[in-house]
Each structure stands twice: as C-alpha cells, then as structure tokens.
There are 2 protein chains.
Amino acid sequence: MGKKVKEALKKLKNHGYKYTDKREDMLNYFGEYDGYRTASDVQAFMKEKYTGISFDTIYRNLHLFHELGILESTELDGEKHFRMRCDTSKHHHHLICKECGKTREIELCPMEYIEKELKGFRIDDHKFEIYGVCYDCQ
Amino acid sequence: MGKKVKEALKKLKNHGYKYTDKREDMLNYFGEYDGYRTASDVQAFMKEKYTGISFDTIYRNLHLFHELGILESTELDGEKHFRMRCDTSKHHHHLICKECGKTREIELCPMEYIEKELKGFRIDDHKFEIYGVCYDCQ
DNA sequence: AAACCAAATCGTAATTATTCCTATTTACAA
DNA sequence: TTGTAAATAGGAATAATTACGATTTGGTTT
C-alpha cells in the first residue's frame, strides 16, 4: 500500500470516519494510477470484487475524499474526474491525456502574470489545463 | 440587428441552411449579451415568444451555430455554456462571471510560455479560464 | 401560384451522470 | 456485547442532453 493511501486512511480516522474495505480499495485504486478517473471507472474496478456495490457508495466516498483533500478533481466532457492529490504543498496545473486520463504537472501558473486584467472582478478560481494524447496512447 | 447576427444569418444561408424566425431570435439573443448563456437560458427566452418550442430546436441550433463558428462554448459546472464568438481573428481566453456569465477577454495565453513541459504529448486543446464575480454582480 | 423536397420543428422517449432517500448492515467505542 | 452513528444497498428522482418518428415549413422548381 502506498504512502498516500496510508495517509488518507489516517486522515479518515482522524476526522471520525470509519475504516471500510471498500474505502481502502478505492484509495488503492487511485494510489496506483497517476491520472484522472471517473466515477464509472471506479465503479467498474470495484464491481470486480464487490458485485453489488451501489452508486451511492462510490459517489459518497469520492466526495468525501475530495472534501478531505485526498483527491483532486476536474470536469472533462461533462463528467467529473478524480485523481489522488498531487504533492499538496504547491499549486499546480496539469497536462491531461484524454485517452487514459494520465497527467503531467505543469510548473507555470498563468495567474502570476495577470494583474491589470482582473480589475473589478472578484476572482474565486481559475483553470488551466492542456488536453492531448500522451506518449503511451499515441 | 447587430452586425454579428447579420453575418451569422448570411453564413447559415451560405451553408445551405434555412432562415427561420426562431434562428434569428436565438442569434439576436446572443448578439445582445456579452457573455455565456446555457441552453436553459435560451429556452426561457424563446418560450416567451414561442410557447411550444422544443428542446430539439434549441439544442440543434446551438450545435449548428457552434459548428459554423458563430458561437463559442465552454463547460461550467457540468452545463454547456455558449456565447457569440469573439472577434474571430485572434486567439483569446476569458474571465467569466459565475453569476451572470458575462466575460472579459484575457490578453495573455499561457501556451506561449510553455514548451519544454509538453514533450511527448500531442497537444490538441487547452483551457485557461478565470472564474469569479464581476463588478455588477458584486 | 402549385408542387415538391430537404430541412426544420414538435412532442416525447431515451440516455447519461449524478443525487437523493429509506431500510438495513456494520465499525468501533463504551 | 451492546449501542449508535456511520456506511451501504437498492432503487427512485433529477437534470442536462440526445434521439427519433411524425409533421410542418422555407425556398426552389415547374
């Protein structure tokens, strides 16, 4: 089990959430995949072992993990995608493969270079993503 | 009627599509709003005049306009948003008000500054958007 | 102006991702 | 071991979007 999964399980416990084998398996799934996965990807994986697993369980846990900062998420083609949170210390953006969801971190954040254009707007959030096809998927 | 709407109607005709009053009204709606609107916004507007207008008509025309480059689109909170295409000549990005959908163009495109990070990826597209609340909505 | 035909529209059903709800089960603390 | 809040199953509900057969209409041709 990866370090991030161990930390995530500890974080769950610290916040008073219970340990379940399903949660551990979901976390391991993300722990072993360096990219974005949809709820439906997770469900497909979980069904192998837990044939009767419910939507509710998948979605509830995804949202919980996201709330706790274990996962980060984005929306691609109308579907939410989740991935294990990158090194939490630094702000970053991603290059995302539309085939496999795998990512590469982008160092540059364009917000640093923008000041004068933001006058009058209250800025809440921003998104910078590059989409394409990674080496392995080409 | 705005210049862009006139051009759009001409473009429809040039591509062999028919003129309809519904299309003209939809185009005028976008022509008069400098920001993003959802299918449901358009529908609400169109229902005022055409009480029985169908989803199909709204969506078909939105997609057609998008295909022809009359509208540009983005996805916010799981919902497609459309706006009249900005000056088609130059690549740009947007500051988007989450309240009213109105936009401000951003001059800077971060892609210019990124080269070394893209190796091995085939780049198809990118998204740079800033979200917040505009002056009028605050 | 009448006829014709492809395009446009209506009305509604189907689809997809997601959320919600209630009854039941389970983790784990006392 | 027992109590209880959390977690889950199973399925219904919602929301945005797409699909499709039947009908109507714009615009061209006769």
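In this text the structure is predicted, and so the values were computed from the model without any measurement. Numbered from 1 within each chain, the chains take letters A, B, ... in sequence-line order.
- Residue pairs meeting the side chain to side chain donor-acceptor pair (under 3.5 Å) criterion with at least one partner in residues 11-22 of chain B, sequence neighbours excluded, are B:Tyr19-B:Glu24.
- Atom CZ in B:Phe82 sits about 13 Å away from atom P in D:dA16, given to the nearest Å.
- Taking only side-chain nitrogens and oxygens, A:Arg60 never comes nearer than 4.0 Å to OP1 or OP2 of D:dA7.
- The CG-C1' distance, from B:Leu68 to C:dA8, rounds to 15 Å in whole Å.
- With DNA chain C read from its 5' end, the first of the two nearest nucleotides for A:Thr38 and A:Asp56 is the one closest to A:Thr38.
- Between B:Tyr17 and C:dA7, a side-chain N or O to OP1/OP2 separation shorter than 4.0 Å is absent.
- Across all strands, B:Tyr19 comes closer than 4.0 Å only to sugar-phosphate atoms, never to a base (heavy-atom distances).
- Between B:Thr57 and C:dC10, a side-chain N or O to OP1/OP2 separation shorter than 4.0 Å is present.
- Between B:Tyr29 and B:Tyr33, the ring-plane angle classifies as parallel under the 30° and 60° cut-offs.
- The CD-P distance, from B:Glu67 to C:dA7, rounds to 13 Å in whole Å.
- Using a 4.0 Å heavy-atom distance criterion, A:His63 is classed as a sugar-phosphate-only contact.
- As rounded to whole Å, 11 Å separates atom P of C:dC10 from atom CD of B:Gln43.
- Of the two residues contacting DNA chain D, namely B:Lys18 and A:Ile53, the nearest-nucleotide position lying further toward the 5' end is that of A:Ile53.
- What separates CZ of A:Phe55 from P of D:dT14 is a distance of 17 Å, to the nearest Å.
- Note on A:Tyr59: a side-chain N or O is less than 4.0 Å away from OP1 or OP2 of C:dT18.
- Residue B:Thr20 has no polar side-chain atom (N or O) positioned under 4.0 Å from OP1 or OP2 of C:dA7.
- The side chain of B:Lys22 places no N or O atom within less than 4.0 Å of a non-bridging phosphate oxygen (OP1 or OP2) of C:dA7.
- Straight-line distance from the CZ atom of A:Arg23 to the C1' atom of C:dC28: 13 Å, rounded to whole Å.
- Under 4.0 angstrom from either OP1 or OP2 of C:dT19 there lies at least one side-chain N or O belonging to A:Lys80.
- Looking at B:Glu107 and A:Ile114, their side chains never come closer than 4.5 Å, going by heavy atoms from C-beta outward.
- The pair A:Lys49-A:Asp25 meets the salt-bridge criterion, with a side-chain N (NZ, NE, NH1 or NH2) lying under 4.0 Å from an Asp/Glu carboxylate O.
- Regarding A:Met46, its CE atom lies at a distance of 14 Å from the P atom of D:dA7, rounded to whole Å.
- The aromatic rings of A:His126 and A:His91 lie tilted to each other, with the angle between the two planes from 30° to 60°.
- A straight line from OH of A:Tyr50 to C1' of C:dT25 spans 15 Å, rounded to a whole angstrom.
- Both B:His81 and A:Leu64 lie close to DNA chain D; mapped to their nearest nucleotides by heavy-atom distance, the more 5′-ward contact belongs to A:Leu64.
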